[in-house]
Amino acid sequence: MVRIFFLACLLALPALAQTPDPARVEAVVAASFASAPAGWKSRVTQDALQEICSLTRNQPSAAQAEAITAAAKASVVLPPDSAIIGDWRNGEKIAQNGQGGQFSDAPGTVSGGNCYACHQMALSEISYGTLGPSLSKYGKLRDFELADARATFAKIFNPHVTLACSTMPRFGLNKVLTAQQIADVVAFLFDPASPVNTDTK
Ligand code: HEC
């Protein structure tokens with residue numbers, strides 16, 4: 001009897017692991033943001049790539065992944081090489097600033113990059129999130145190559161360039177950061193004098 005019960009539970013497992021009804025998920029998300037201003041409704045509606053990543057649990061088919069990364073690459077607006085690497089001091093402030101992008105913000109609030117919420121950058125930082133990989137010594141590990149700095153600009157502009165179902169925000173595409181701000185953050189990662197590359201602890 002116990003054995004039959006156990007078997008029944010095992011057979012039920014795949015059913016439990018099924019993706020919940022997407023329409024129901026959408027309805028719950030929309031209801032949670034019911035008090036958001038009207039202009040914000042689009043923010044809780046998934047775009048095409050988010051829909052694919054949700055429905056496939058971040059395991060898109062090769063063809064889907066290829067289409068997403070190709071569209072992301074086409075979306076990137078790179079500045080001239082002379083403007084890829086900005087001012088690391090400004091970049092550090094932007095990377096460590098988690099303000100902006102909330103409907104409770106005072107008008108005119110300049111958004112930060114909030115990078116520290118997901119990444120370790122300089123080793124001297126007291127706190128940082130670990131959703132993303134550590135970016136410590138990022139430029140040094142890449143011999144401060146301009147081609148890598150260019151690729152990093154593109155990654156920050158639209159992270160889907162290298163990973164179809166990236167969970168990193170699309171800072172350039174969604175106009176969270178300006179091209180100048182992205183260049184300053186790239187400098188924080190790529191300037192040999194930046195604490196990202198000089199800190200030993
Ligand atoms: C919500 C979390 C989150 C935020 C905020 C975030 N990232 Fe990321 N980032 C990730 C994750 C997760 C990855 C690894 C997956 C991927 O490549 O997309 C990543 C990857 C990266 C990479 C590539 C790392 C490698 O292995 O080469 C770089 C560079 C990067 N992030 C820079 C930044 C910068 C700069 C900022 C701030 C402007 C930032 N990220 C903000 C989550 C985040």
Side-chain angles (χ1 to χ4, degrees), residues 22 25-55 58 68-69 71-79 83-122 125-135 138 149 151-190 194-196:
V25 174
E26 288 281 330
V28 170
V29 172
S32 318
F33 287 83
S35 61
W40 281 66
K41 295 286 186 240
S42 63
R43 302 280 294 267
V44 293
T45 307
Q46 299 194 87
D47 63 21
L49 86 82
Q50 289 168 329
E51 235 163 53
I52 291 173
C53 293
S54 296
L55 290 174
N58 295 340
I68 293 173
T69 50
K73 283 176 192 155
S75 78
V76 175
V77 183
L78 277 184
I84 294 278
I85 302 179
D87 177 336
W88 73 259
R89 287 183 179 80
N90 278 339
E92 179 170 31
K93 287 186 203 135
I94 295 162
Q96 303 290 7
N97 177 3
Q99 274 196 307
Q102 293 164 35
F103 59 81
S104 50
D105 284 339
T109 303
V110 176
S111 294
N114 204 20
C115 319
Y116 77 102
C118 295
H119 295 283
Q120 177 185 45
M121 292 171 289
E125 284 162 2
I126 297 167
S127 72
Y128 51 85
T130 53
L131 266 179
S134 171
L135 304 178
Y138 203 75
T152 303
F153 189 106
K155 175 75 183 171
I156 301 169
F157 190 97
N158 186 346
H160 301 277
V161 289
T162 56
L163 182 65
C165 292
S166 175
T167 51
M168 178 168 147
R170 289 167 271 184
F171 291 100
L173 189 73
N174 289 344
K175 300 195 165 38
V176 178
L177 298 177
T178 62
Q180 182 59 57
Q181 286 176 307
I182 296 177
D184 290 346
V185 173
V186 170
F188 185 43
L189 297 177
F190 273 87
S194 156
V196 166

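Only heavy atoms go into these numbers, but all of them, side chains included; no hydrogens, no water, no symmetry mates.
- Looking at every heavy atom in both residues, Gln50 comes nearest to Thr45 through OE1-O, 4.2 Å.
- A 4.5 Å side-chain heavy-atom check between His119 and Met168 finds at least one atom pair inside the cut-off.
- Taking each heavy atom of Cys53 and Ala164 in turn, the nearest pair found is SG-O, 4.0 Å.
- The shortest side-chain heavy-atom distance between Leu173 and His160 does not fall under the 4.5 Å cut-off.
- One N or O on the side chain of Thr109 and one on the backbone of Ala106 form a donor-acceptor pair closer than 3.5 Å.
- For the residue pair Asn97 and Ser111, the shortest heavy atom distance occurs at ND2-C, 4.4 Å.
- The SG atom of Cys115 sits 8.0 Å away from the CD atom of Gln96 when rounded to the nearest 0.5 Å.
- Taking 4.5 Å as the limit, every side-chain heavy atom of Leu55 sits out of range of all side-chain heavy atoms of Gln46.
- Nearest heavy-atom pair, Ser75 versus Asn158, reported as atom, atom and distance to 0.1 Å: OG-ND2, 2.9 Å.
- Residues Pro169 and Asn174 are not in side-chain contact: their nearest non-hydrogen atoms beyond the backbone lie 4.5 Å or more apart.
- Nearest heavy atoms, Asp184 versus Gly86: OD1-CA, 3.4 Å.
- Here the closest heavy-atom approach between residue Ile84 and residue Phe153 is recorded as O-CD1, 4.1 Å.
- Counting heavy atoms from C-beta outward, Val196 and Leu135 have side chains that stay 4.5 Å or more apart.
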Query raised in the report: Yes or no on side chain to side chain contact (heavy atoms under 4.5 Å, CB included) for Glu92 and Met121, after CA distance, side-chain angles and deciding distance?
Result: CA-CA 9 Å; Glu92 179 170 31; Met121 292 171 289; over 6 Å; no
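- Rounding to the nearest 0.5 Å gives a distance of 9.5 Å between CG of Asp47 and CD1 of Ile52.
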Query raised in the report: What do the steps show when you test Asp105 against Gln99 for side chain to side chain contact (heavy atoms under 4.5 Å, CB included), and what is the final call?
Result: CA-CA 8 Å; Asp105 284 339; Gln99 274 196 307; 5.8 Å; no
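- Heavy atoms from other residues, nucleotides or ligands lying under 6.0 Å from CD of Glu51 number more than 12.
- Ring planes of Phe188 and Trp88: parallel class, angle under 30° (limits at 30 and 60°).
- More than 12 heavy-atom neighbours from other residues, nucleotides or ligands sit within 6.0 angstrom of CZ on Phe157.
- The CG atom of Leu177 sits 8.5 Å away from atom CD1 of Ile156, with the distance rounded to the nearest 0.5 Å.
- In this structure the side chain of Tyr128 never reaches within 4.5 angstrom of the side chain of Ser134, judged on heavy atoms.
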Requested in this report: Decide side chain to side chain contact (heavy atoms under 4.5 Å, CB included) for Leu131 and Thr167; before the verdict, give the C-alpha distance in whole Å, the side-chain angles of both, and the deciding distance to 0.1 Å.
Outcome: CA-CA 9 Å; Leu131 266 179; Thr167 51; 5.7 Å; no
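- In this structure, the separation between CG on Leu163 and CG on Asn58 is 8.0 Å, given to the nearest 0.5 Å.
- Side-chain contact between Val185 and Phe171: absent, with no pair of heavy atoms (C-beta onward) separated by less than 4.5 Å.
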